[in-house]
**Student:** 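Once you've had a glance at the structure underneath, I'll fire off some questions.
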Amino acid sequence: MNITMLLEMAAGAMGDRIAVGTKADGITYQELYERAQRAAQVISDAGVERAGLVGLNGDDLPLMLFACSLAGVGFAPMNYRLKDEQLRGIVGRTAPSLVVADKDVLGRIENIEGVDLRERHAFAEQVTDSAMIEAGYTDPESVAIWLFTSGTTGDPKAALLRHRHLVSYVLSTVEFMAADESEANLVSVPPYHIAGMATILSNTYAGRRTVYLPQFDPEVWVAMASEEHITHAMVVPTMLGRILDAMEATNTTLPHLRHLSYGGGRMPLPVIERAMTMLPDTGFVNAYGLTETSSTVSVLGPEDHREAFASDDPAIRARLASVGRPFPSLELEIRDPEGAVLGAGEVGEIYVRGEQIAGEYHGKSALNAEGWFPTNDGGYLDADGFLFVEGRLDDVIVRGGENISPGEIEDVILSHEAVEAVAVIGIPDDEWGEQVAAAIVVKLGASLSQTEICDYVRERLRSTKTPVVVQFREELPFNDTGKLLRRVLRSEVAEYRASLNN
Amino acid sequence: MSQDLKSGSRWQSVVCSGEVVIVKAPSAPVVLTIGGVEAVLAGSQEASGAPAEGHEGGTQVGKRYEHGDSGLEVLCTKAGAGSIAVDGQILDVKGAQALPSSD
């Protein structure tokens with residue numbers, strides 16, 4: 001039971017289907033399987049314990065993942081956008097390893113001890129010329145994927161996903177050959193994101209063709225989705241708004257798009273409502289999960305979306321902001337700081353347990369004695385079992401002993417017609433410990449004052465939740481997977497506040 | 001020779017093309033048959049002959065089969081004409097839940 005088995009089954013039962021690439025010149029599951037066996041031989045010949053990739057998305061990504069599994073080594077896709085020192089640091093941590101890199105990245109990661117560096121095209125040629133590996137037994141306990149967490153605090157941690165976690169995830173969430181031959185999935189999340197890995201496994205098992213965008217660009221995404229008759233795609237929240245803008249700007253409709261899933265961060269309500277209006281025939285799926293949980297643990301499906309969107313009942317309508325119900329194959333609880341399980345509507349930390357939950361970093365498991373993984377995300381379950389995620393516990397603002405969740409305030413500010421984007425953060429305050437601050441991007445051509453927006457918030461929430469500082473900005477700082485860089489923002493807004501006092 | 005049905009190990013039928021992988025090991029030793037004859041480690045034998053009477057229901061690739069008493073769960077990785085059984089009891093297909101695709 002290892003991830004190679006998923007490809008082997010696909011090659012056996014639907015070998016002639018296109019696995020990766022365009023309708024015109026993609027490669028089939030059988031070809032992918034054969035090529036993975038050649039790549040595995042090249043990796044095996046290198047005598048390494050891990051293989052890495054530093055570069056853009058490409059059609060060779062599934063090949064690399066499955067080849068590593070066949071060779072019995074862990075696969076480590078790494079973020080080429082990191083600064084040189086940090087990138088060299090994580091590349092070095094994969095040693096002894098074979099690392100395949102894009103040409104323009106090579107120079108930045110040369111001469112690292114224990115790292116056998118290969119240029120991406122040269123590696124592809126070596127694969128073509130290689131024999132196929134004689135695959136042996138791969139222990140389900142062995143590590144299949146190494147993912148370095150984004151590391152917004154301190155050194156990146158290496159999250160480990162073992163074969164048994166990934167196979168459990170796929171078997172419990174995907175029906176084999178569930179896709180029909182016309183289905184195609186557009187991938188624009190980067191390879192070093194858990195969604196970029198999970199998509200390979202899920203779509204291989206379902207038999208759905210995958211089309212890669214080297215990197216996300218809204219116009220290219222819309223053009224590709226239209227040309228390739230894309231039926232399925234996954235995006236992070238910051239991508240969706242830009243895709244909708246590009247559809248409007250280029251006057252493109254996407255009639256083939258049946259299914260659009262999103263996750264990896266909080267989706268602003270106005271954006272999903274706009275998306276559902278512009279794409280009425282598309283089924284939307286909000287997925288919640290973490291690297292450490294082998295991707296998704298809870299989904300709000302297409303029917304839930306439609307029901308919530310059409311409902312006048314505020315409790316049902318509110319579900320549009322939820323991540324739906326946890327998978328039946330795992331357990332999920334909300335707990336207080338002492339570990340006691342909380343009831344419906346009570347906010348606490350989200351804990352998960354199940355066969356797909358890895359909860360492990362290199363050298364250290366983060367599971368508790370009973371096998372539960374504390375996610376460090378705050379949230380609650382409603383009376384019907386819908387999960388609402390409020391964000392990282394570290395992001396909760398503690399103002400004079402009161403815990404304030406930024407999400408609720410962000411939703412209110414975003415509902416103001418002049419607001420394009422917003423982030424609410426806590427900034428240090430001598431009197432209160434922390435105070436509520438907001439960074440706001442105003443829509444083009446609109447105007448907004450601090451007094452106006454503060455009155456607006458005060459009318460809808462308590463005064464303790466009203467920002468004391470508002471910084472109007474050109475843009476908010478996001479990383480390339482759409483995660484808001486709250487730490488960066490906190491220090492910038494704190495500096496802005498200090499400048500006002502001087 | 002008893003079968004070591006450890007998680008992740010792969011087994012084939014000797015009378016049809018059927019193959020399975022063990023998803024969950026049994027809680028106590030059991031005998032796994034495919035097509036009515038004891039299954040062997042995948043790749044160890046050429047299959048020949050036909051499934052025994054009462055074991056001709058066949059298997060479907062991608063379906064999971066489970067044995068309630070022992071907790072054994074297998075995934076069919078290659079379809080065949082023979083049914084999967086544990087200690088003579090034909091296994092049922094485990095019901096799949098329809099989940100929306102999330103990645």
Side-chain angles (χ1 to χ4, degrees), chain A residues 1-2 5-6 8-10 12-13 137-141 163-164 167-168 171-179 185 187 189 194-203 205-206 208 232 234 259 261-263 283-289 295-296 298-304 324 327-329 355, chain B residues 3-13 16-27 32 34 39-47 58-67 71-82 84 91-103:
Chain A
M1 204 170 71
N2 54 67
M5 185 185 82
L6 309 175
E8 194 189 319
M9 288 170 68
Y137 169 80
T138 302
D139 188 345
E141 277 302 321
H163 284 278
R164 65 180 165 91
V167 174
S168 294
L171 295 188
S172 62
T173 60
V174 185
E175 183 75 0
F176 184 66
M177 262 177 94
N185 179 47
V187 177
V189 286
I194 178 61
M197 291 291 101
T199 191
I200 296 174
L201 302 174
S202 296
N203 288 295
Y205 202 62
R208 191 176 296 119
H232 288 64
M234 190 267 168
H259 194 101
S261 68
Y262 58 93
F284 286 88
V285 176
N286 186 3
Y288 166 69
S295 194
T296 312
S298 183
V299 283
L300 185 77
E303 280 315 306
D304 299 328
F327 285 153
S329 55
E355 289 174 357
Chain B
Q3 299 163 315
D4 179 14
L5 301 172
K6 66 178 172 181
S7 169
S9 64
R10 304 178 64 165
W11 301 82
Q12 66 159 85
S13 169
C16 72
S17 58
E19 280 190 28
V20 300
V21 61
I22 309 295
V23 176
K24 273 189 201 122
S27 53
L32 175 72
I34 308 175
V40 297
L41 279 172
S44 63
Q45 256 188 60
E46 286 285 322
T59 51
Q60 272 177 283
V61 64
K63 295 291 181 201
R64 286 188 284 172
Y65 296 81
E66 61 182 347
H67 183 240
L72 174 73
E73 183 180 320
V74 303
L75 169 73
C76 174
T77 53
K78 224 180 249 178
I84 304 169
L91 302 191
D92 292 328
V93 173
K94 187 175 175 175
Q97 59 263 50
L99 288 169
S101 152
S102 60
D103 45 37

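The structure displayed is predicted, hence computed values, not measured ones. Letters A, B, ... are given to chains in the order of the sequence lines, protein chains preceding strands, and every chain is numbered from 1.
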**Student:** Could you tell me which residues satisfy ring-ring contact (aromatic ring centres under 6.0 Å, His included) with Phe176(A), sequence neighbours excluded, listed by chain and number?
**Tutor:** Tyr205(A)
**Student:** Set out, in order, the CA-CA distance, both residues' side-chain angles and the distance that settles side chain to side chain contact (heavy atoms under 4.5 Å, CB included) for Val61(B) and Met9(A), then state yes or no.
**Tutor:** CA-CA 8 Å; Val61(B) 64; Met9(A) 288 170 68; 4.0 Å; yes
**Student:** Go through the atoms of Thr199(A) and report whether side chain, backbone, both or neither lie under 4.5 Å from a heavy atom of chain B.
**Tutor:** both
**Student:** How long is the straight-line distance from CG of Leu99(B) back to OG of Ser329(A), given to the nearest 0.5 Å?
**Tutor:** 7.0 Å
**Student:** Should His232(A) and Ser101(B) be marked as a side chain to side chain contact (heavy atoms under 4.5 Å, CB included) after you check the CA-CA gap, both sets of side-chain angles, and the distance that decides it?
**Tutor:** CA-CA 9 Å; His232(A) 288 64; Ser101(B) 152; 4.3 Å; yes
**Student:** With rounding to the nearest 0.5 angstrom, report the NZ to OG distance, Lys94(B) to Ser172(A).
**Tutor:** 8.5 Å
**Student:** Quick one: pull up OG in Ser7(B) and CG in Asp139(A) and give me the separation to the nearest 0.5 Å.
**Tutor:** 8.5 Å
**Student:** With a 4.5 angstrom heavy-atom cut-off, is it the side chain or the backbone of Arg208(A) that approaches chain B, or both, or neither?
**Tutor:** side chain
**Student:** Which residue pairs satisfy the salt bridge (Lys or Arg N to Asp or Glu O under 4.0 Å) criterion with at least one member in residues 16-26 of chain B, sequence neighbours excluded?
**Tutor:** Glu355(A)-Lys24(B), Glu19(B)-Lys78(B), Lys24(B)-Glu73(B)
**Student:** Relative to chain B, which of Gly289(A), Ala198(A), Pro302(A) shows the most heavy atom pairs under 4.5 Å?
**Tutor:** Ala198(A)
**Student:** Checking Asn185(A) against chain B: side chain, backbone, both or neither under 4.5 Å from a heavy atom?
**Tutor:** side chain
**Student:** If you tally heavy-atom pairs under 4.5 Å against chain B, which of Gly12(A), Gly283(A), Pro328(A) wins?
**Tutor:** Pro328(A)
**Student:** Checking heavy atoms, do the side chain of Tyr262(A), its backbone, both or neither come under 4.5 Å from chain B?
**Tutor:** neither
**Student:** Taking atom CG of Asp103(B) and atom OG1 of Thr173(A), what is their separation to the nearest 0.5 Å?
**Tutor:** 7.0 Å
**Student:** Of the backbone (N, CA, C, O) and the side chain (C-beta and beyond), which part of Glu8(A) lies under 4.5 Å from a heavy atom of chain B, both, or neither?
**Tutor:** side chain
**Student:** Measure Ile22(B) against the heavy atoms of chain A and call it side chain, backbone, both or neither at under 4.5 Å.
**Tutor:** backbone
**Student:** Measuring heavy-atom distances to chain B, does Met1(A) have an atom under 4.5 Å in its side chain, in its backbone, in both, or in neither?
**Tutor:** both
**Student:** Count the heavy-atom pairs under 4.5 Å between each of Val174(A), Val189(A), Leu171(A), Val187(A) and chain B, then report the option with the highest count.
**Tutor:** Leu171(A)
